[in-house]
Amino acid sequence: MSSSAAKATVDALLRRVDAAGALKRNIVAFSGGVDSSLVAALVQEAHPRTSVACIGRSAALPTAQLELAQQRVETRRRLLREGAHRLHI
């Protein structure tokens, strides 16, 4: 996917998230996988003051997986801010 096509895709997704998330609060429960991390990043980018991403933490979730999930969201948010030219969807 070219950088202009990726940017157009991300812009379209952000418009949809913006329109759907015009609430006072936005909560995204995510698994830490690639897809849900992207959704969490999109919502946080569109509504930075009113959104939060959360993941269930239990003894069954290794600390390394939790840290990886957090890194995925932050990486996707950074890439969205940079224009998504390196975002691999």
Side-chain angles (χ1 to χ4, degrees):
M1 179 181 290
S2 71
S3 64
S4 60
K7 174 128 177 58
T9 299
V10 169
D11 289 344
L13 288 169
L14 283 170
R15 282 192 302 275
R16 289 185 73 177
V17 168
D18 189 43
L23 305 172
K24 290 183 180 182
R25 295 185 195 134
N26 300 286
I27 301 171
V28 177
F30 74 108
S31 67
V34 174
D35 296 340
S36 64
S37 297
L38 177 60
V39 171
L42 286 166
V43 171
Q44 288 183 332
E45 188 67 22
H47 304 285
R49 293 188 181 121
T50 60
S51 65
V52 63
C54 61
I55 188 168
R57 186 169 185 180
S58 72
L61 179 66
T63 301
Q65 281 187 311
L66 177 63
E67 290 170 356
L68 179 60
Q70 293 167 329
Q71 290 171 2
R72 282 183 175 152
V73 169
E74 287 307 313
T75 297
R76 279 155 184 76
R77 286 186 72 200
R78 181 177 45 79
L79 292 172
L80 288 171
R81 286 190 299 273
E82 291 175 0
H85 65 278
R86 296 187 331 224
L87 184 64
H88 300 288
I89 299 175

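All of these numbers come straight from a predicted model, not from anything done at the bench.
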Hey, could you give me the CG/CG distance between Asn26 and Asp18, rounded to the nearest 0.5 Å? 9.5 Å
Stepwise side chain to side chain contact (heavy atoms under 4.5 Å, CB included) test for Thr63 and Arg57: CA-CA 9 Å; Thr63 301; Arg57 186 169 185 180; 4.2 Å; yes
If I compare all heavy atoms of Ile27 with all of Cys54, which pair ends up nearest, and what's the gap? CG2-SG, 4.0 Å
Answer yes or no: is there a side-chain heavy-atom contact under 4.5 Å between Val10 and Leu14? yes
Non-hydrogen atoms of Arg72 and Gly32 that approach each other most closely: NH1-O, 2.5 Å
Specify the closest pair of heavy atoms between Ile55 and Ala69, including all atoms of both residues, with the distance to one decimal. CD1-CB, 3.8 Å
If you compare all heavy atoms of Leu42 against all heavy atoms of Val17, which two are closest, and at what distance to 0.1 Å? O-CG1, 3.9 Å
Here the pair of heavy atoms bringing Gly33 nearest to Ser31 is N-OG, 3.2 Å
Nearest heavy-atom pair of Val73 and Gln44: which atoms, and what distance? CG1-OE1, 3.5 Å
From CD (Gln70) to CD (Gln65), nearest 0.5 Å: 12.0 Å
Cluster overlap Phe30 with Leu61, hydrophobic side-chain contacts below 4.5 Å: yes
